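Single-structure report; data block below.
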Amino acid sequence: REGFHLGSNFMAGVGSAHGFSEGWNEGPGYGNSKWAWQVNAMSYLDSVFPGYGVGQNPWVKRTGAFMRLQTPVGLQHAPWGHGSNNTSYFESGHRRAYRKLAYLTGDGRFLANWQAYDWTTKGYLARPWIECALPLWREHPTPVVEENHVRAFPRSGWVMTMSGPPNDPTTYNNGLGMVFAARPRGGYSHSLACDNSFHIFGYGHDLSHAGGATPYGDACSYHSMSHNTILVDGLGQFQGRSDQAAQVIARLIAFEKSGDITYWCGDATLAYPRKPGEVKHWWGGLDDIYKERDARHLTRFNRHVLFVRNKYFVILDDLEASKPTAFTWLYHIKPEGPFNLNAHSGSFTYQIDSVKVDVVHLLGAGQLDIHDMQGNEGLKNPLTGEDYTEDWKSREGDAPFDVAHNLFMTNKEPQKKWRFLSVILPTPPDDNSEYKIERLDNLTIKVTAFGQTDIISFDPNTKHNATVTIDLPTIAKTGLHE
């Protein structure tokens with residue numbers, strides 16, 4: 001009886017989506033690896049108490065779905081926690097756990113995921129005796145590739161949306177997707193300060209980048225400046241190691257899927273420091289500027305995202321502060337390649353192998369200060385003067401910081417209210433079709449691409465014949481407030 005309760009409580013604690021005790025919200029490597037350890041514990045529990053049916057708990061299947069979607073087959077980079085730049089770190093969690101989960105739950109989606117990594121029982125397996133014993137009392141499931149590939153996980157604060165099943169390698173190789181975080185617990189321990197940040201993959205490549213360039217943690221990878229989110233007067237997000245400024249510092253405040261259009265909104269207002277403090281963790285710390293400054297004047301950071309027809313993304317950042325503020329929009333590109341930046345509008349085009357990506361800014365033309373911090377310059381924050389070069393050298397020596405472009409786009413004149421409105425449109429290889437992106441007004445755009453035209457408006461009273469309308473004022477009221 002004591003062992004049963006010990007095992008059950010272990011699973012409840014380690015499995016917490018946003019708790020303080022090593023939950024799987026802690027990034028790709030630790031999330032997947034600790035999930036694998038937990039699966040081992042569940043297997044032992046099932047062998048002793050098969051009647052308990054631990055694998056039939058819906059939480060187990062839901063957590064497995066979370067992991068499959070957060071790190072789909074083929075993903076090379078998972079920039080929200082330690083291990084993000086080491087693909088084998090999070091892949092090994094799938095390889096070590098998913099065959100076991102298939103037997104425990106009877107869910108063939110786990111087996112399809114395991115098989116997608118070309119893994120067999122002849123290779124390395126953690127706890128191989130479990131692998132051998134499970135089929136003795138659990139039936140062999142049939143692999144199933146298909147599953148819901150657009151999901152929101154509101155308790156832990158994630159959206160994963162992609163054009164096909166995460167178990168199918170063709171989704172990564174021939175499709176498009178995004179992983180997005182707005183976590184109630186925020187960045188702590190092995191996870192990074194990346195709320196309201198996104199990572200885009202598609203057509204055989206990771207198309208965006210974030211989280212620095214080390215396989216393990218350094219100051220720059222933790223700092224929000226290395227993620228695709230927003231800086232507030234140059235400051236990023238931070239929480240204490242064992243406490244946080246509010247019970248919920250970020251969360252999803254809207255999500256809807258209608259046909260082939262998915263919409264969501266993350267609110268990360270309270271992820272930014274509300275008072276000065278030392279940012280110091282076991283892995284190191286950030287610059288002392290955080291002991292002197294804070295971002296308590298930030299009153300709204302809502303990021304609205306649409307994934308349209310499995311082809312492109314529309315992002316509106318709705319920002320507000322109690323005093324004039326410099327807001328910085330961030331984007332990172334890892335590999336060297338063709339790159340063209342329009343310094344007037346902030347729009348840019350880049351290419352990864354044969355995949356072209358257009359990022360079009362539709363607001364703020366002529367009103368932006370733009371810094372392209374290339375290579376080792378990406379270790380510096382041009383807005384605050386923070387410089388993490390020495391921290392990098394202490395860990396990596398003379399190795400280059402191999403992130404080709406670290407883009408900082410900031411409103412020249414501080415404002416109490418500001419919006420960034422952008423379209424991110426990747427083009428598949430060998431697709432030479434033309435597209436057109438137009439701003440109809442400050443909250444409405446028209447996109448003609450891939451044989452279709454969409455009018456997307458964030459104004460509920462728009463005069464345009466919109467394909468999609470987002471009620472911006474109503475959603476803003478549901479956001480996080482102190």
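Because the structure is predicted, anything quoted here is derived from the model rather than measured.
- For Ala210, the side chain to side chain contact (heavy atoms under 4.5 Å, CB included) test picks out Pro79, His227, Asn228, with sequence neighbours left out.
- Not one N or O on the side chain of Asn340 forms a donor-acceptor pair closer than 3.5 Å with the backbone of Phe348.
- In this structure, Arg293 contributes its side chain and Asp233 its backbone to a donor-acceptor pair below 3.5 Å.
- When the side-chain hydrogen bond (donor to acceptor under 3.5 Å, both in side chains) test is applied to Asn167, the partners found at least two apart in sequence or on another chain are Asn113, Glu147.
- Formation of a donor-acceptor pair under 3.5 Å by the Asn411 side chain with backbone atoms of Thr328 is not found in this model.
- Side-chain contact check for Thr229 and Ser197: no donor-acceptor pair (N or O, by modelled atom type) lies under 3.5 Å.
- With hydrogens and angles ignored, the 3.5 Å screen pairs no side-chain donor or acceptor of Thr410 with any backbone N or O of Ala326.
- For residues 413-427, the pairs satisfying side-chain hydrogen bond (donor to acceptor under 3.5 Å, both in side chains) are Asp318-Arg419, with sequence neighbours left out.
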Sequence neighbours left out, cut at 3.5 Å: what donor-acceptor pairs do the side chains of residues 307-315 make with other protein atoms?
residue	atom	partner	partner atom	Å
Arg309	NE	Gln452	OE1	3.4
Arg309	NE	Asp454	OD1	3.2
Arg309	NE	Asp454	OD2	3.1
Arg309	NH1	Asp260	OD1	3.1
Arg309	NH1	Asp260	OD2	3.3
Arg309	NH2	Asp454	OD1	2.6
Tyr312	OH	Asp454	OD2	3.1

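- Contact between Asn406 and Gly375 at its shortest, heavy atoms only, is ND2-O, 4.1 Å.
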What do the steps show when you test Asp391 against Thr389 for side-chain contact (heavy atoms from CB on, under 4.5 Å), and what is the final call?
CA-CA 5 Å; Asp391 178 80; Thr389 302; over 6 Å; no
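- Judged as a side chain to side chain contact (heavy atoms under 4.5 Å, CB included), and not counting sequence neighbours, the contacts of Asn342 are His344, Ser345.
- Within the 3.5 Å criterion, the main-chain N or O of Leu207 finds a donor-acceptor partner in the side chain of Tyr350.
- Each of Arg303, Arg300, His304 was checked for a side-chain hydrogen bond (donor to acceptor under 3.5 Å, both in side chains) with Asp317, and the lone residue meeting it is Arg303.
- Ile370 and Gly346 get closest at one heavy-atom pair: CD1-CA, 3.6 Å.
- Remark: side-chain polar atoms of Ser92 are paired, donor with acceptor, to backbone N or O of Ser88 under 3.5 angstrom.
- Scanning for side chain to side chain contact (heavy atoms under 4.5 Å, CB included) contacts around His149 gives Met162, Pro165, Pro166, with sequence neighbours left out.
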Worked check of side-chain contact (heavy atoms from CB on, under 4.5 Å) between Thr161 and Arg151:
CA-CA 6 Å; Thr161 179; Arg151 291 283 298 270; over 6 Å; no
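- Heavy atoms of other residues, nucleotides or ligands lying less than 6.0 angstrom from CD of Glu292 number more than 12.
- Listed by chain and number, the residues in a side chain to side chain contact (heavy atoms under 4.5 Å, CB included) with Arg439 are Leu362, Leu363, Asn442 (sequence neighbours excluded).
- Side-chain N or O atoms of Asp206 include none that pairs as donor or acceptor with a backbone N or O of Phe201 at under 3.5 Å.
- The two residues Ser208 and Tyr331 have their closest heavy-atom pair at CB-OH, 3.9 Å.
- Not counting sequence neighbours, the partners of Tyr222 by the ring-ring contact (aromatic ring centres under 6.0 Å, His included) test are His281, Trp283.
- For an aromatic pair to be called close, the ring centres must be under 6.0 Å apart, and Trp264 with Trp158 fails this.
- Gln76 places a side-chain N or O within 3.5 Å of a backbone atom of Gly74 that can act as its donor or acceptor partner.
- Nearest heavy-atom pair across Thr462 and Ser457 is CB-OG, 3.3 Å.
- Residues that satisfy the ring-ring contact (aromatic ring centres under 6.0 Å, His included) test with His332, not counting sequence neighbours, are absent from this structure.
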Would you check, one step at a time, whether the test side-chain contact (heavy atoms from CB on, under 4.5 Å) holds for Leu298 with Arg274?
CA-CA 9 Å; Leu298 178 67; Arg274 316 310 287 179; 4.2 Å; yes
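- Checked against ring-ring contact (aromatic ring centres under 6.0 Å, His included), Tyr388 has the following partners two or more places apart in sequence or in another chain: His223.
- Listed for the Ser224 side chain is a donor-acceptor partner under 3.5 Å among the backbone atoms of Ala193.
- Here the closest heavy-atom approach between residue Ala449 and residue Tyr435 is recorded as CB-CB, 3.7 Å.
- Side-chain atoms of Thr171 and Asp168 form no donor-acceptor pair, as typed in the model, at a separation below 3.5 Å.
- Legend: side-chain hydrogen bond (donor to acceptor under 3.5 Å, both in side chains) pairs involving residues 360-374, not counting sequence neighbours, sorted by first then second residue: Asp372-Gln374, Asp372-His405.
- Not one N or O on the side chain of His209 forms a donor-acceptor pair closer than 3.5 Å with the backbone of Val403.
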Would you check, one step at a time, whether the test salt bridge (Lys or Arg N to Asp or Glu O under 4.0 Å) holds for Asp218 with Arg395?
CA-CA 8 Å; Asp218 65 291; Arg395 302 166 189 268; 5.5 Å; no
Using a 3.5 Å cut-off and no angle test, enumerate the donor-acceptor pairs between side-chain atoms of residues 251-258 and protein atoms at least two apart in sequence or in another chain.
residue	atom	partner	partner atom	Å
Arg251	NH2	Thr478	O	2.7
Lys257	NZ	Gly259	O	2.5

Going through the checks in order, is the side-chain contact (heavy atoms from CB on, under 4.5 Å) test met by Val179 and Phe198?
CA-CA 6 Å; Val179 180; Phe198 57 81; over 6 Å; no
